J.: 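First the structure, then my questions, so here it is.
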Protein chains: 2
Amino acid sequence: MTRKNERIVSPEFSSLSASIVTTLKDQILHWQYPPEHRLTEAELCKQFNVSRSPVREALRILATDGFVQRMPNRSYRVKQHNLQEIEELYDVRLALELFVVERLATRNDAVQSDIAALKRTWTGLLNGSPRKDEELARLDTQFHETLAHASGNKSLLRQLRAINERLMLFRIIDFAKTHRAASTCRQHLDILKYILAKNVAGARKAMQKNIEEGRNNVHSAIKDALARSYSM
Amino acid sequence: MTRKNERIVSPEFSSLSASIVTTLKDQILHWQYPPEHRLTEAELCKQFNVSRSPVREALRILATDGFVQRMPNRSYRVKQHNLQEIEELYDVRLALELFVVERLATRNDAVQSDIAALKRTWTGLLNGSPRKDEELARLDTQFHETLAHASGNKSLLRQLRAINERLMLFRIIDFAKTHRAASTCRQHLDILKYILAKNVAGARKAMQKNIEEGRNNVHSAIKDALARSYSM
DNA sequence: GTACTCCATGCTGTATACAATGTGGCCTCA
DNA sequence: TGAGGCCACATTGTATACAGCATGGAGTAC
């Protein structure tokens, strides 16, 4: 039996807004709201059974994280990522991650354990049973973020995380492509190999290939989707 | 004669919080508040003669922009950038800007006018009369952001701007170094030269040298400052 | 003198009331 | 019939009241 004023929000969060943020992010990522959907404060107040203060705060956070678009003195709307923006984010990833592998291949001080763990994981994935798209997308994200972590630059890692959060939607599309899983495994193992061999140029090339393949998959998938929606 | 309830905030901002944000940023950048200084909402309410709502919003924005540090359920404090964080930010700059010059040197489509304008500006600065540190820091920032703009990646430009905002304090330190102005001019002109010559490796090297010199200046200046403050 | 408890205080977190702004529809007038 | 002005409504911006958490100091036991 639910009491009238019971909170919908998960208890593991100290503040209401933080909980609202994660819930909304999750809902947006799972297409619960269509792009361009209008979000009003009052509506969310009812949905979460809280007052406007935490809802407002959550919306501001979502806006800076790029999940919703704020229109001053009007409402918010679920952000529609256009093709160009996605390409741009993939390029920023490229910039950051090429730097990461270069750093790792140049001075690999205390990161050997991280690299070794990744090697085990992705060798296992290459030979193991197939996984769900969403899980692969998550593991792929984890691979790239682990490398960034190993580079020791916390600021860079934070930026990369923010980008990956926004791209998660499209990474899932990426892994819907057949054979993408196997090719990702091989590419990831390549990257690790070059890092361990301290081959900077090779590591950069391997990383570039990996990211560009993802970008191309997403690009064509979205163009197909647009073409289909126009023809309807 | 000031009326009792007159606003201190500038009128060019639609919202109070936006005005508070820029004012506080400016004050923090000009050492109005010492690092670690505690900022309470009530105090700022009095200072700006507004209620807690816009002040709270402003503080959240400043926290995500890295100017203040939020301590949940406690107050905020003016962020003290330690040496490691600054180094990290310089590395993120490096990652982004190496990508930018590579892009510019590879496919320089419609950016010729931007590049040419920068060339004029910095040739003039090399031969012209000396400028103030703060103005040089501003011009330097502008140089790097113009290149990012010319690369056409709006997301990357936004990230770079955010970083530069945080680093402005230290860029001014950088240009306090004698001869830094002249060497910056030469390095900037070098970068432009290699871009126009479509020499990717040269452009990358030149950009790296320029950024690293700034980083080293800041590094030694801060270490000196710390040493002095410990000996007092 | 030290460590522990408890409470007062200051501050943020949340709720709600009021002000201001933008939008859409209706009405009027040419 | 079409354009422009005006008003009502929906929604955000701002102010304020109340709740709850965190800290530090007084007081007490040992």
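Chain letters run A, B, ... following the sequence lines, proteins first, then strands; residues in each count from 1. Just so you know, these numbers come straight off a predicted model, no measurement behind them.
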J.: Just by modelled atom types, is the A/Lys79 backbone N or O under 3.5 Å from a matching donor or acceptor in the A/Gln69 side chain?
T.: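 Not confirmed, A/Gln69 side chain does not pair with A/Lys79 backbone.
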J.: Applying salt bridge (Lys or Arg N to Asp or Glu O under 4.0 Å), name anything that partners A/Arg131, two or more places apart in sequence or on another chain.
T.: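 Per chain and number, A/Arg131 pairs via salt bridge (Lys or Arg N to Asp or Glu O under 4.0 Å) with A/Glu135.
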J.: What is the distance from CE of B/Met71 to P of D/dA22, rounded to the nearest Å?
T.: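 The answer, rounded to whole Å, is 13 Å.
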J.: If the cut-off is 4.0 Å, is A/Arg60 near the phosphate of D/dG13, judged by side-chain N/O to OP1 or OP2?
T.: yes
J.: What's the closest nucleotide to the A/Val50 side chain, out of D/dG13, C/dA15, C/dC11?
T.: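 For A/Val50, the side-chain atoms sit closest to C/dA15.
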J.: Using whole Å, what does the distance between atom P of nucleotide C/dC11 and atom CD of B/Glu43 come to?
T.: 9 Å
J.: Please determine, by modelled atom types, if A/Arg60 and A/Tyr76 share a side-chain donor-acceptor pair under 3.5 angstrom.
T.: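 There is such a pair between these side chains.
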J.: Indicate, with a heavy-atom threshold strictly under 4.0 Å, whether A/Arg77 touches base, sugar-phosphate, or nothing.
T.: nothing
J.: Rounded to whole Å, please give me the gap between CZ in A/Arg56 and P in C/dA15.
T.: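 Result: 14 Å.
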J.: Round to the nearest Å and state the distance from A/Ile20 atom CD1 to C/dG13 atom P.
T.: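 To the nearest whole Å, that distance equals 14 Å.
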J.: With sugar-phosphate meaning primed atoms plus P, OP1 and OP2, does B/Arg70 contact a base, only sugar-phosphate, or nothing at under 4.0 Å between heavy atoms?
T.: sugar-phosphate
J.: Nearest whole Å is fine: how far is D/dT12 P from A/Leu44 CG?
T.: 9 Å
J.: Minimum heavy-atom separation for B/Pro35 to B/Gln80, with atom names?
T.: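 For B/Pro35 versus B/Gln80, the nearest heavy atoms are CB-OE1, 3.3 Å.
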J.: More than 12 heavy atoms of other residues, nucleotides or ligands under 6.0 Å from NE2 of A/His81: yes or no?
T.: yes
J.: Once you measure the plane-to-plane angle for A/Trp122 and A/His188, does it fall in the parallel (<30°), tilted (30-60°) or perpendicular (>60°) bin?
T.: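 Perpendicular.
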J.: How long is the line joining CZ of B/Arg38 and P of D/dT23, in whole Å?
T.: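 It is 9 Å, rounded to the nearest whole Å.
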J.: Got a list of protein N/O to nucleotides 16-21 of chain C N/O distances below 3.5 Å?
T.:
none

J.: Can you tell which of D/dA22, C/dT12, C/dA15 lies closest to the side chain of B/Glu41?
T.: C/dT12
J.: If the threshold is 4.0 Å, N to carboxylate O, is there a salt bridge linking A/Asp133 and A/Arg180?
T.: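 Salt bridge: no.
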J.: Nearest whole angstrom, please: distance from the C1' of D/dC21 to the CZ of B/Arg74.
T.: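 Between C1' of D/dC21 and CZ of B/Arg74: 11 Å.
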